[in-house]
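In what follows, chains are A, B, ... by sequence order, proteins preceding strands, each numbered from 1.
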Amino acid sequence: MTTFADLGLSPKVLNAVEAAGYTIPTPIQAGAIPHALQRKDVLGIAQTGTGKTASFVLPMLTLLEQGRARARMPRTLILEPTRELAAQVEENFVKYGKNHRLNVALLIGGVSFDDQLRKLERGADVLIATPGRLLDHFERGKLLLSAVDILVIDEADRMLDMGFIPDIERICKLIPFTRQTLFFSATMPPEITKLTEQFLHSPARVEVAKAATTAKTVEQKLVKSGKKDWEKRAVLRDLIRAEDEGLKNAIIFCNRKKDVSELFRSLVKHEFDAGALHGDMDQRARTTMLANFKDGKLKILVASDVAARGLDIPDVSHVFNFDVPIHSEDYVHRIGRTGRAGRSGKAFTLVTPADVKHLSSIEKLIGEDISWLDGDLSTLPVSTEPEEAPRRGRRKAEPKRRPRNEGRERERPQSEIDILAAADKAKDAEEAPVVAEVAVAPRNADKPHRAAIKADNEQRRGKPSQAEPRRDHRRERDDLGSAPVGFGDEIPAFMLIDTKI
DNA sequence: AAAAAAT
């Protein structure tokens, strides 16, 4: 059997790989590394979770042992579609490059230029970037790409989905013709094939695993739900509670960023150990949320599809699809977050009557019918939600209660969400009324969540999320100002009037 | 019906 020692990697690299506890390369690593070390172009067709990242990081480290970088002239460039993926690649360079003294620079948006400029100035051996920020630096003249010797394009098909291809083409043209290119994509749509023909020179083609297959170790279930958001939230809460025993950690996927925020707030209000991750969040919040989730400090991560692909979060026990994904491939990527490395995992998808069309295209794609959870929710704890959703009545009622805050909701959609989540909570007869909860809880256990909510709120209001000095004052306003203070468990009838239908 | 990425 092939081991890492057979692939031609340098002793320094092998030592770091051993220290990380690996001896046997994955198929993509075994296939790609020898070619990369021979300075050949590589076309790697591989899903995430196949060890793809190490298949370019390890040979790059070996090749970089000779020579050194000059100021503003990076020696290698790795392009990634999302900031989290770029950061993850950087972590790999730290992990496997522990015996090297290489300068690694991460150029991503959402963070300050200063650090990045300093690293460029110092001379980067490895530059890891998302396209936008890279071009920004380039246009400011802080960066020359004429010394790039190895170019890696990762997740090319996803870059295509995200409309990055023109940027990629532009960047490729700025890098010398004589470079070595390592190109990775999970699928090969025509546009990507065209790109490889344009920018790769007689590449070694390494292909592993097929697209659109779901791991056999993932138990998939469909769960019926009403189509209103509050109904879905109730079903989800019941489901999480029912699964509690085997639930180590979970990612909950929503289709929209707005719903990520809403669901996150609602779960926190219901005292679930939850965090959120989507692309409109402050970069610092994104980083902390992901780090905390990876470290096990956070049990539940509510996320948009920014987290669907590529992120290496080992050992996620559950994936919940709060929404059925619109594009069926996303389903495969989402549930691929669990059941990794032969471990078992569970994937639940909430399905409303409106979702049947998308559901059938998913089942067609994966080539099997997903079974329903016992036909309905009868085996789960009974949901005690009332017939009417309080949302519409409440939204109408609010200006009457607070005439001075007219227009406030438009600026601050969060206030509405807070009310909604608080109302959800107030309805739950077992739990303390909202007033008591906000009065007692904030300074204690869920402080980080409140801080995160606040950061997200401020982000949405277009303010910088670092108002540390005003913190206590703001917390009280955010928490108490928008909650239905004084109503306790009872919701006045006028607030429950359903105006539609 | 969306999300992602430069500000």
Minimum-distance nucleotide (side-chain atoms of A/H327 versus B/dA2, B/dA4, B/dT7): B/dA2
Interatomic distance, A/I326 CD1 vs B/dA3 C1' [rounded to whole Å]: 9 Å
Side-chain N or O of A/T82 closer than 4.0 Å to phosphate OP1/OP2 of B/dA5: no
For A/D330, side chain to side chain donor-acceptor pair (under 3.5 Å) partners two or more places apart: none
Short side-chain donor-acceptor distance under 3.5 Å, A/T338 and A/H318: no
Length of the line joining A/D259:CG and B/dA2:P, which is rounded to integer Å: 10 Å
Under 4.0 angstrom between A/K258 side-chain N/O and B/dA2 OP1 or OP2: no
Sugar-phosphate, base or nothing in reach of A/D161, heavy atoms under 4.0 Å: base
Touch class at under 4.0 angstrom, heavy-atom based, for A/R286 against every strand present: sugar-phosphate
A/I108 CD1 - B/dT7 P separation (whole Å): 10 Å
Value in whole Å for how far the P atom of B/dA4 lies from CZ of A/F164: 11 Å
Sugar-phosphate only, base, or nothing, as touched by A/G110 at under 4.0 Å among non-hydrogen atoms: sugar-phosphate
Any A/S304 side-chain N or O less than 4.0 Å from OP1/OP2 of B/dA4: yes
Pair A/K346, A/S317: side-chain N/O donor-acceptor within cut-off below 3.5 Å: no
Length of the CG-C1' vector between A/L117 and B/dA6, whole Å: 14 Å
Touch class at under 4.0 angstrom, heavy-atom based, for A/R83 against every strand present: sugar-phosphate
Sugar-phosphate, base or nothing in reach of A/D305, heavy atoms under 4.0 Å: nothing
Nucleotide B/dA5, atom C1' - distance to CG of A/D280 in whole Å: 11 Å
Selected nucleotide, minimal atom distance to A/R133 side chain, candidates B/dA4, B/dT7, B/dA2: B/dT7
Spacing between A/Q283 atom CD and B/dA4 atom C1', to the nearest angstrom: 12 Å
Atom NZ of A/K227: over 12 foreign heavy atoms under 6.0 Å: no
Polar side chain donor-acceptor pair, A/E91 to A/Y96, under 3.5 angstrom: no
Nearest-angstrom distance from the residue atom CD of A/Q116 to P of B/dT7: 9 Å
